[in-house]
Visitor: 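If you scroll down you'll find the structure; I have some questions about it.
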Protein chains: 2
Amino acid sequence: MQSQTPSPATPRSENTSSAHDKVYRGLRTRIMHGELPPAHALTLRGIGREFEVSMTPAREAVQRLVAEGALFMSSSGRVATPELSNERIEELAALRALLEVELSSRALPRAHMALIERLQTINGTIAEAIAHKDAVAYIRTNLEFHRTLYLRAQAPAMLAMCETVWLQLGPTMRALYGRLQRTELPQFHRAIVAALRAGDEPGLRLAVRSDVTAGLKLLAS
Amino acid sequence: MQSQTPSPATPRSENTSSAHDKVYRGLRTRIMHGELPPAHALTLRGIGREFEVSMTPAREAVQRLVAEGALFMSSSGRVATPELSNERIEELAALRALLEVELSSRALPRAHMALIERLQTINGTIAEAIAHKDAVAYIRTNLEFHRTLYLRAQAPAMLAMCETVWLQLGPTMRALYGRLQRTELPQFHRAIVAALRAGDEPGLRLAVRSDVTAGLKLLAS
DNA sequence: CATGGGTATTTGTGATCACAAATGAAGCGA
DNA sequence: TCGCTTCATTTGTGATCACAAATACCCATG
């Protein structure tokens with residue numbers, strides 16, 4: 001299918017990972033960064049054509065994303081990005097608050113100066129994305145800000161769960177920030193950096209909770 | 001492979017779900033209930049033989065379980081139940097505490113008498129499992145106790161994450177309770193029921209946190 | 001112009017196959 | 001006896017195919 005070589009089991013040169021993993025990562029970042037709108041349908045053959053693989057790896061990648069809640073599968077097997085109900089959005093926001101407050105709290109004692117400066121650099125990039133009205137770049141750099149901080153918590157399982165929540169919210173965040181068109185850079189990110197610099201744990205917890213909850217509150221349609 | 005019918009795409013009679021889902025659910029409950037020890041290896045052909053399907057659905061089920069952390073995949077693609085490090089166990093215990101305290105707190109205002117009685121009945125079943133020294137039955141009914149309570153929280157995404165954590169801890173819990181051989185029924189379950197009955201939210205949160213943390217603390221090998 | 005039925009196409013599912021890499025065992029030599 | 005090499009077997013990977021069901025399309029009829 002991919003070109004004209006009917007050879008099964010492509011030799012997989014040196015360190016390149018498996019085909020289904022390539023497809024999985026590609027789709028995952030696209031969904032998490034909000035490059036796909038809610039209720040966007042996908043087909044296995046279409047995915048295979050795009051990533052130049054057959055249906056088998058495409059199916060595995062899709063299956064995995066469905067298991068993580070990044071895609072929704074209808075009873076007939078068709079897959080699409082989810083359209084979240086309001087209750088679901090509120091629940092996921094509560095999960096973000098729960099997990100990210102804990103992660104930031106664990107990262108606080110390990111946060112040294114280099115990290116804080118990196119966070120401020122990312123904040124600058126976020127401001128650029130806002131200026132260019134680039135929703136995808138905004139979402140991507142915003143998540144990068146949070147992930148950079150949480151990586152210091154040294155809690156991989158907790159961070160993985162957090163990213164799963166981000167993944168589920170990806171298309172919804174696109175819809176949100178696409179219609180929001182904000183012009184100022186996020187105020188709570190400044191508060192997070194300030195609390196980190198001051199070693200103020202209650203302030204950090206409050207700032208993170210506010211930042212996470214603020215955006216999603218605007219979805220009470 | 002399954003018998004002698006070479007027909008592809010088995011017609012899938014009425015309401016029976018797909019083959020890969022049957023395999024997934026079968027393996028998932030086995031892992032979550034602690035029927036498999038840590039580092040237990042599995043092969044795709046073996047799974048297919050056991051569930052009477054071909055390798056394709058077996059691969060999808062395994063892929064999904066790997067994504068959820070229920071199985072570990074080596075660089076060569078071999079899969080086995082995970083052997084968790086102490087840090088990982090502590091982190092998962094912290095996650096359980098975080099999520100389950102929140103879930104119980106949300107379930108509290110909706111907990112009426114019938115629920116409390118059901119929880120007490122389950123506690124009786126747990127006592128039986130302990131008396132029979134049946135580790136698998138103990139784990140299964142213990143999880144049933146928690147799930148019955150958390151279902152009242154009306155928070156499906158949170159409960160799903162919680163079950164994912166249980167899944168990752170499945171083989172480890174088997175190893176724990178297999179060597180523990182406890183004789184008394186869990187004291188904290190009584191405290192949970194009492195706090196529910198009294199409508200005591202701080203007490204409930206403390207009891208749940210203690211119950212979740214107590215068992216896993218014994219793994220500081 | 002709307003609507004219904006019937007056909008054609010698309011799409012997911014699962015079995016099978018060929019291949020490569022990894023694993024395990026046997027054999028040989030020091 | 002131990003270590004290394006070599007070969008056979010096991011195992012995962014991905015492509016392809018046949019089939020069924022769902023969807024889309026089209027034309028005829030009111």
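Owing to the predicted nature of the structure, the values given are computational and were not obtained by experimental measurement. In the text below, chain A, chain B and the rest are named by the order of the sequence lines, each starting its count at 1.
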Visitor: Side-chain N or O of B:H20 less than 4.0 angstrom from OP1 or OP2 on C:dG14?
Guide: yes

Visitor: If I take atom CD in residue B:E52 and atom P in nucleotide C:dG14, what distance separates them, rounded to the nearest angstrom?
Guide: 15 Å

Visitor: Sequence neighbours excluded, which residues qualify as side-chain contact (heavy atoms from CB on, under 4.5 Å) partners of A:L84?
Guide: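 For A:L84 the side-chain contact (heavy atoms from CB on, under 4.5 Å) partners, ignoring immediate neighbours, are A:P82, A:R88, A:I89, A:L92, A:L169, A:T172.
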
Visitor: Check whether any side-chain N or O of A:R174 sits under 3.5 Å from a backbone N or O of A:G34 as a donor-acceptor pair, and report yes or no.
Guide: yes

Visitor: How about A:Y150 and A:H146: are their ring centres within less than 6.0 Å of each other?
Guide: yes

Visitor: Between B:D21 and A:R49, which residue's closest nucleotide on DNA chain C lies nearer the 5′ terminus?
Guide: A:R49

Visitor: Tell me whether B:T141 contacts the main-chain N or O of B:T125 through its side chain, where contact means a donor paired with an acceptor under 3.5 Å.
Guide: no

Visitor: Can you work out whether A:T56 or A:G77 has the more 5'-proximal nearest nucleotide on DNA chain C?
Guide: A:G77

Visitor: Check whether B:T213 reaches the backbone of B:S210 with its side chain - one donor and one acceptor, N or O, closer than 3.5 Å.
Guide: no

Visitor: Hey, are A:Q63 and B:Y24 close enough side-chain-wise for a donor-acceptor pair under 3.5 Å?
Guide: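 Their side chains do not contain a donor-acceptor pair, so the 3.5 Å distance test is not met.
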
Visitor: Under a plain distance cut-off of 3.5 Å, with no hydrogens placed, do A:H112 and A:R152 share a side-chain donor-acceptor pair?
Guide: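 Yes.
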
Visitor: If I take atom CZ in residue A:R59 and atom P in nucleotide D:dA15, what distance separates them, rounded to the nearest angstrom?
Guide: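 Nearest whole value for this atom pair: 13 Å.
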
Visitor: Atom OH of A:Y24 and atom P of D:dT13: how far apart are they, to the nearest Å?
Guide: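 Result: 16 Å.
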
Visitor: Please give, in whole Å, the distance from C:dG12 P to A:M73 CE?
Guide: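 Going from A:M73 (CE) to C:dG12 (P), I get 8 Å.
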
Visitor: Please give, in whole Å, the distance from D:dA15 C1' to A:F51 CZ?
Guide: 18 Å

Visitor: Under 4.0 Å, heavy atom to any atom of DNA chain D: which of residues 35-47 of chain B qualify?
Guide: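 DNA chain D contact set from residues 35-47 of chain B: B:L42, B:T43, B:L44, B:R45.
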
Visitor: Please pick, from D:dA15, C:dA15, C:dA22, the nucleotide with the shortest atom-to-atom distance to any side-chain atom of B:S76.
Guide: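 Looking only at side-chain atoms, B:S76 lies closest to C:dA22.
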
Visitor: Which is more 5' along DNA chain D, the nucleotide nearest A:M55 or the one nearest B:M55? Just name the residue.
Guide: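 Nearest nucleotide further toward 5': that of B:M55.
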
Visitor: With a non-hydrogen cut-off below 4.0 angstrom, is A:R78 in contact with a base, only sugar-phosphate, or nothing?
Guide: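 Here A:R78 touches the backbone only, sparing every base.
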
